[in-house]
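Read the numbers this way: they start at 1 and go in the same order the structure lists the ligands and their atoms.
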Amino acid sequence: MHLDAQDPGQIFWTHMGKSFDSGTPGTLYFDANSIGPMPCTVPLKMTTVLQEGWAQARRRSWNELDWLEQPRTLGASIAHLIGADSKDVRVTDTTSINQYKLLRYALSVAAPRHVIVLERHVFPSNRYVAEAIARDHQAQLRFIDDASQLPAALAPQDVAVVALSHVDYRSSTRLDMTELNRYIREAGAMSLWDLSHSAGAVAIALRQSDADLAVGCGYKYLCGGPGAPALLYIHPRWADAAWPAIAGWMGHADTFAFDADYRPGAGADRFLVGTPAVLANAAFSAAAQLWREVDPVALNQRHRSLTDTLIQLFDEQCAPWPVHLSSPRHHAQRGGHVTLQFHGAAALAQALVEQGVVVSSRKPDALRWGVHPLTTTHQQLWSAVQVLRQLLASGTWQDARFERPVV
Ligand SMILES: Cc1ncc(COP(=O)(O)O)c(C=O)c1O
C-alpha cells in the first residue's frame, strides 16, 4: 500500500520487519497483545545457551556467561521504551508476581496508609493479587469503575497505592499517566502502572510523568517469547525505602557472600528473588538486541499511522454491518490494539483465524486487533480488512463450527 512506501523511515521498518519470523505463510498476525512475533535470531540464541552454556560450560556459565546479569541487561535494553533510566528497570518473574511485589512494597513504604485503589474491571490477575494481599495483610481494597472516580477514592487520605492499567485489555483505552500521577501524588499515595498493553507499542514516559512503580508483560509487544519474564520499574525516590516482600538471595546486597542475614540489594535489584530464568532470558535477549535500535518516538508514530489506517479501513469497508469501534479514535488515548465491538465477536474471531487473519476476542463482544509496529505493514491491514469484509458479507462466521470456545 502506498502508505508503506511514503513513510520516511521505511528502510528502517523493512529492516525491522525482516528481523522477525514471518510465521505461517499466508497468515496475518494481529495478536501482539497476546504473544508478539519471534525475532529470527531466537533459535540461534537458544541453541547457543543450550550447547555452550548448559551442555558445555555448565556451572561455569554463571561466571563465564551473562546469566546473572540478564535481569539488568534486559531491563536496560527496554528502559528507553518506557521512559525510564536503565538502573530502575529489571526483567524478572511474571507480571502477576511483580504486581504482588510492588503492591506489598508500596504498602510497606506508605504505612500506616493501608488502602489499595484499583479498577473494578482490571485484568483479573491484577485483581486476584490485590484480593489475596487484602485477605492476608489487612490492606483494604477500594474499587473504582474508571479514572473519573479517582479523586473521590483518594479523598479520605488513606490510600497507599493506586494500581492502574495504562491500557485497558479489552477496549485499549489508554489513561493519561501525567494527569493521574499528579492527583495520586497530591493525595500522598503511590502509583503502580501495568504497561502490558502499551510497552513496545506506544511511547511511555514513566519518569517524566512521575510514575512511582510499574510492571508489564514481556511476551506481548516486547516480543520476549511465550511465558517471557516481565518488566518491573521503581522510581529512584523509593528505591531504598523498604524491604521487598519476597526476600531472596538474588535480591541480597551481596548474593555470593551467603550471609546469614538478609540485606536488600540497591534499588531495583532488591526485587530479584531467585535464580534467573536463563532459557527464557536467552529468548528475550534476541528482542532486546533489536529494541536497542528503536527510537520510541518513531515507534509511536509508526503505531499511530498503522492503527489510524486500520480504523479508517474499518470505517470505510465495514459500514454496512453492526461493527463499532470501541477503542478511542485519538491515538494518544489508545494502546497497542484496536477493538471492535461486535455481537458474535468470538465466532467472528475464529472465522478470521481460519482465513489466516489471527485476531482475538474477549467476552462479551470485543474483537481485538493487536498491531505490532515493528512487523505490521499498511498493506497487511488492507488485506486483513478485506477478509473481514468478505466474512461479514457472506455471514459464514455464523457457521456452527465457530461456536466452540477457544483461548
Ligand atoms: C494487563 C495484563 N496484566 C497482567 C497480565 C498477566 O501477566 P502474567 O501472565 O505475566 O502474570 C496480563 C496477561 O495477559 C495482562 O493482559
Side-chain angles (χ1 to χ4, degrees), residues 29-36 71 74-75 78 82 89-104 116 118-133 143-144 146-147 161-175 177 180 191-202 204 206 211 213-233 245-246 271-274 276-277 279-281 283-284 287 327 334-339 349 358-363 366-372 406-407:
Y29 292 90
F30 299 96
D31 58 350
N33 52 322
S34 287
I35 292 194
L74 295 176
I78 57 162
I82 57 174
V89 184
R90 296 292 177 272
V91 167
T92 183
D93 299 320
T94 66
T95 310
S96 307
I97 292 173
N98 290 340
Q99 180 91 10
Y100 174 82
K101 290 188 283 194
L102 292 183
L103 281 177
R104 288 281 316 271
I116 301 173
L118 73 162
E119 299 150 289
R120 197 179 308 281
H121 302 294
V122 72
F123 185 79
S125 197
N126 295 4
R127 179 171 171 149
Y128 305 156
V129 166
E131 280 177 345
I133 292 175
F143 291 104
I144 53 174
D146 57 52
V161 54
V162 179
L164 295 168
S165 293
H166 188 210
V167 170
D168 183 87
Y169 76 104
R170 290 145 309 175
S171 70
S172 197
T173 301
R174 186 181 352 161
L175 297 180
M177 228 185 222
L180 296 174
S191 56
L192 167 53
W193 291 92
D194 184 338
L195 309 178
S196 294
H197 292 277
S198 51
V202 299
I204 302 170
L206 282 180
L213 307 162
V215 296
C217 289
Y219 47 79
K220 300 184 193 289
Y221 298 92
L222 291 174
C223 305
L231 74 87
L232 175 151
Y233 164 83
I246 312 175
F271 296 107
L272 304 178
V273 180
L279 301 184
N281 288 345
F284 203 141
S327 300
R334 241 183 11 244
H337 56 286
V338 175
T339 303
V358 181
V359 295
S360 60
S361 63
R362 282 291 175 269
K363 285 181 191 166
L367 188 69
R368 303 185 304 171
W369 299 66
V371 175
H372 203 294
V406 291
V407 179

Trainee: Looking only at side-chain N and O atoms, does Thr94 offer a donor or acceptor that is under 3.5 Å from a partner on Ser96?
Mentor: no
Trainee: Would you confirm whether Ser165, through its side chain, and Val122, through its main-chain N or O, come within 3.5 Å as a donor-acceptor pair?
Mentor: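 Answer holds: no.
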Trainee: Of Leu118, Leu180, Asn126, which is the lone residue that meets side-chain contact (heavy atoms from CB on, under 4.5 Å) with Leu164?
Mentor: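 Considering Leu118, Leu180, Asn126, a side-chain contact (heavy atoms from CB on, under 4.5 Å) with Leu164 is found only for Leu180.
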Trainee: Considering only non-hydrogen protein atoms, determine which one is nearest to atom 14 (O) of ligand 1 and report residue, atom name and distance to 0.1 Å.
Mentor: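 The closest one turns out to be Lys220 NZ, 2.7 Å.
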Trainee: Please find out if less than 6.0 Å separates the ring center of His337 from that of His197.
Mentor: yes
Trainee: Quick one: does ligand 1 sit under 4.0 Å from the side chain of Ser165, the backbone, both or neither, non-hydrogen atoms only?
Mentor: neither
Trainee: Which residue and atom name correspond to the protein heavy atom nearest atom 12 (C) of ligand 1, and how close is it?
Mentor: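 Ranking protein heavy atoms by distance from atom 12 (C) of ligand 1, first comes Phe123 CE2, 3.3 Å.
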Trainee: Has Gln99 got any heavy atom lying under 4.0 angstrom from an atom of ligand 1?
Mentor: no
Trainee: Hey, looking at atom 10 (O) of ligand 1, which of Ile97, Val167, Thr95, Asp93 has the closest heavy atom?
Mentor: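 Result: the heavy atom closest to atom 10 (O) of ligand 1 is in Thr95.
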Trainee: What residue and heavy atom of the protein are closest to atom 11 (O) of ligand 1, and at what distance?
Mentor: Ser96 OG, 2.5 Å
Trainee: Closest non-hydrogen protein atom to atom 9 (O) of ligand 1, residue and atom name please, with distance?
Mentor: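 That would be Tyr219 OH, 2.9 Å.
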Trainee: Regarding Arg127 and the six-membered ring of Phe143, is the cationic atom NZ or CZ under 6.0 Å from the ring centre and inside 45° of its axis?
Mentor: yes
Trainee: Does at least one non-hydrogen atom of Ala230 fall below 4.0 angstrom from an atom of ligand 1?
Mentor: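 So Ala230 does not count as touching ligand 1.
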Trainee: Hey, is the main chain of Ser327 close enough, under 3.5 Å, to the side chain of Ser171 for a donor-acceptor pair?
Mentor: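 No, the answer is negative, given that no donor and acceptor are paired below the 3.5 Å cut-off.
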Trainee: I'd like to know if Arg120 pairs up with Asp146 as an ion pair, taking the criterion as any Lys NZ or Arg NE/NH1/NH2 lying under 4.0 Å from an Asp or Glu carboxylate oxygen.
Mentor: no
Trainee: Between Ser360 and Arg368, do the side chains contain a donor N or O and an acceptor N or O under 3.5 Å apart?
Mentor: yes
Trainee: State whether the shortest distance between N or O atoms of Ser125 and N or O atoms of ligand 1 falls below 3.5 angstrom.
Mentor: no
Trainee: For atom 3 (N) of ligand 1, which protein heavy atom lies nearest, and how many Å away is it?
Mentor: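 The protein heavy atom lying closest is Asp194 OD2, 2.7 Å.
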Trainee: Return the residue, atom name and 0.1 Å-rounded distance of the protein heavy atom closest to atom 16 (O) of ligand 1.
Mentor: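 Nearest protein contact, heavy atoms only, for atom 16 (O) of ligand 1 is His197 NE2, 2.9 Å.
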